[in-house]
Amino acid sequence: MLHKIINSAKSRLGDRLLILGHHYQYDEVLAHADLVGDSFQLSRLAAERSAGGSCDYIIFCGVHFMAETADILANSPSNLERRGGRRVEVILPDLYAGCSMADMADYESVLSCWEQLSAIIDIDEVIPVTYVNSSAELKAFCGERGGIACTSGNARAVFEWALSQRRRILFFPDQHLGRNTAVKMGIPMKEIIEWRREEARLGGNNAETIKASRILLWDGFCCVHQRFLSGHIDEIKNVIPNVRIIVHPECRNELVMRADEVGSTAYILKRITESPAGSAWAVGTEGKFVDRIAKQNLDKTIVNLSFQPSYCSTMGLITLQKLADMFNPIETGEPKNIIRVNENIAKNALIALQKMLEKN
Ligand code: 13P
Ligand code: SF4
């Protein structure tokens, strides 16, 4: 019934509507997505598909920061000009679908960190880099200071560019993606320090360690990915000795260092899909996604890295019913659940996002 309602509303709306879906969504929701991808691909698609033509609405089946990013890119000044000033409204089917990692860095705390750093080191030597899993305010913070955003798919290219611009990176909110990227680039651990939010002064560091650092990591993390432990690799290898381990870079460094491959959701999907029949993979990322890859690759052995799969509960807030509920308001001209970023914030966040899209 819900599938029928959505399909007929979609055919009535035609090109006026674009549905974007992240890999961590339910299968039944993704069945209605025009495009499915990782954060990098979805950001690029939101920018490109809304550039001209007839798109009026994007329903984003993902989480809040992704919808904000789509709004900023779809309604950039150049896109607005191409469309004669007409906005594309970005709709998130459940406004509570946030990202707990993104919530671990707020603008005031990052600004306070920046000010404390300014008192100790030359702040012009520091480039702020935000993971795209962050608020639009923090993307604007980076845009205003010559910084950049990144996704899990292009973090290395972004870090390399950032370190060609300035001596040090302040990276937020995900300590693991930051550490994994820096370690893979050969930056020594002693030059990678953590800024602990709960500490009253200097994120729990002293002036000397800050002066010696190249990479300063906010101490945020993804609870879905942090659950994977190095011991899970031993357990799975006992059961499937020839298994290859593939994990998302939001996992802990000790796990990433032992994995055979590391990459974004799009990378994981591509790598497993292209591997020969008979291959065996243990996957360290969100459970709904791993189950889907397994169903699509029945000629291979695909298992979750942990015997207790890890699910992103906020991604799971986007249900088929909530998706279906978005159509009647659109068709009666009163769309609901619109995500619209404040104009000034969007202007500066766009600088960081456009640079991000250039690096891959
Ligand atoms: P990807 O960019 O790899 O899709 O990851 C997004 C995310 O939130 C992973 O937890
Ligand atoms: Fe955020 Fe983790 Fe969910 Fe990704 S999996 S959206 S990082 S909470």
Side-chain angles (χ1 to χ4, degrees), residues 20-26 29-30 33 35-46 60-70 73 92-105 129-135 138-139 149-158 171-178 180-181 218-228 246-252 255-256 259 261-272 283-293 304-306 309-318 339 353 356-357 359-360:
L20 298 178
H22 186 265
H23 289 303
Y24 293 168
Q25 295 290 305
Y26 293 115
V29 169
L30 289 187
L35 302 157
V36 178
D38 69 1
S39 306
F40 185 86
Q41 293 168 328
L42 293 173
S43 304
R44 200 174 49 196
L45 290 165
F60 210 116
C61 299
V63 290
H64 192 270
F65 74 82
M66 296 179 177
E68 276 192 338
T69 300
L73 292 167
L92 183 64
D94 186 322
L95 294 177
Y96 288 103
C99 164
S100 53
M101 176 213 283
D103 293 342
M104 290 178 194
V129 180
T130 187
Y131 191 20
V132 74
N133 298 39
S134 59
S135 66
L138 286 179
K139 295 182 180 86
C150 75
T151 68
S152 62
N154 72 353
R156 178 155 187 170
V158 167
F171 182 68
F172 37 83
D174 186 18
Q175 57 168 298
H176 299 302
L177 176 64
N180 290 328
T181 307
W218 202 255
D219 66 348
F221 58 88
C222 166
C223 47
V224 177
H225 289 89
Q226 194 169 272
R227 274 196 54 234
F228 294 105
I246 187 162
V247 301
H248 195 276
E250 289 173 15
C251 293
R252 296 169 191 269
L255 186 83
V256 164
E261 306 213 17
V262 187
S264 76
T265 53
Y267 178 84
I268 292 172
L269 178 64
K270 183 171 186 299
R271 197 59 198 93
I272 296 180
V283 193
T285 190
E286 208 271 347
K288 297 189 284 309
F289 178 48
V290 180
D291 292 346
R292 183 175 321 112
I293 303 177
N304 205 291
L305 178 56
S306 160
S310 204
Y311 295 102
C312 179
S313 55
T314 48
M315 285 274 186
L317 287 174
I318 311 295
I339 302 296
L353 285 169
M356 172 187 96
L357 290 178
K359 316 260 176 297
N360 86 62

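Below, each value reflects all heavy atoms present in this structure, side chains not excepted, and no hydrogens, waters or symmetry copies. We count ligands from 1, going down the list as the structure has it; atoms in each ligand are counted the same way.
Remark: distances from the non-hydrogen atoms of Y267 to ligand 1 are all 4.0 Å or more. Not close to ligand 1: H23, with no non-hydrogen atom less than 4.0 angstrom away. Under a 4.0 angstrom heavy-atom cut-off, N133 registers as being in contact with ligand 1. Heavy-atom distances between E250 and ligand 2 reach below 4.0 Å in at least one pair. At a 4.0 Å cut-off, not a single heavy atom of M315 sits close enough to ligand 1 to count as contact. Using a 4.0 Å cutoff on heavy atoms, H225 counts as a contact of ligand 1.
In this structure the side chain of V132 reaches within 4.5 angstrom of the side chain of L353, judged on heavy atoms. Looking at heavy atoms from C-beta onward, M101 lies out of side-chain contact with Q226 at the 4.5 angstrom threshold. The shortest side-chain heavy-atom distance between D219 and F221 does not fall under the 4.5 Å cut-off. A heavy-atom distance below 4.5 Å is not found between the side chains of D174 and N133. Side-chain atoms of V247 and F228, non-hydrogen and from C-beta on, never get closer than 4.5 Å to each other.
Distance check: Q41 CD to T151 OG1 gives 9.0 Å after rounding to the nearest 0.5 Å. Separating the CG atom in L255 from the NE2 atom in H176 is a distance of 10.0 Å, to the nearest 0.5 Å. The distance from atom CZ of R227 to atom CZ of R252, rounded to the nearest 0.5 Å, is 10.5 Å.
Annotation: atom 2 (Fe) of ligand 2 to nearest protein heavy atom, C222 SG, 2.3 Å. In this structure, the protein non-hydrogen atom closest to atom 8 (S) of ligand 2 is S100 OG, 3.7 Å. Protein heavy atom in closest approach to atom 3 (Fe) of ligand 2: C312 SG, 2.4 Å. Looking only at heavy atoms of the protein, atom 9 (C) of ligand 1 is closest to E250 OE2, 3.1 Å. The shortest contact between atom 5 (O) of ligand 1 and any protein heavy atom is with H248 NE2, 3.3 Å. Closest to atom 6 (C) of ligand 1 among all protein heavy atoms lies S39 OG, 3.4 Å.
Formation of a donor-acceptor pair under 3.5 Å by the N180 side chain with backbone atoms of C251 is found in this model.
Annotation: D38 places no N or O atom under 3.5 Å from an N or O atom of ligand 1; distance criterion only. In terms of polar-atom proximity, T265 is counted as a contact of ligand 1, with an N or O under 3.5 Å from an N or O of the ligand. The shortest N or O to N or O distance between S264 and ligand 1 is not under 3.5 Å.
If you number the atoms of ligand 2 from 1 as listed, the ones under 4.0 Å from a heavy atom of N133 come out as 7 (S). Atoms of ligand 2 found under 4.0 Å from any heavy atom of Y24 (numbered from 1 in listed order, with element): 5 (S).
Residue contacts to atom 2 (Fe) of ligand 2: C223 brings no N, O or S atom closer than 2.8 Å. Among the atoms of C99, an N, O or S atom falls under 2.8 Å of atom 1 (Fe) of ligand 2.
If you look at E286 next to ligand 1, there are no close heavy atoms at all, none under 4.0 Å. Residue H22 touches ligand 1 through its side chain alone, judged by heavy-atom distances below 4.0 Å.
By the 30° and 60° cut-offs, the orientation of the rings of W218 relative to F172 is perpendicular.
When V129, V158, T130, T181 are each tested for a side chain to side chain contact (heavy atoms under 4.5 Å, CB included) with F171, only one passes: V129.
For the pair K288 and Y311, the cation does not sit on the ring face, since its NZ or CZ is not both under 6.0 Å from the ring centre and inside 45° of the axis.
Of the N and O atoms on the side chains of S152 and Y267, not one donor lies less than 3.5 Å from an acceptor on the other residue.
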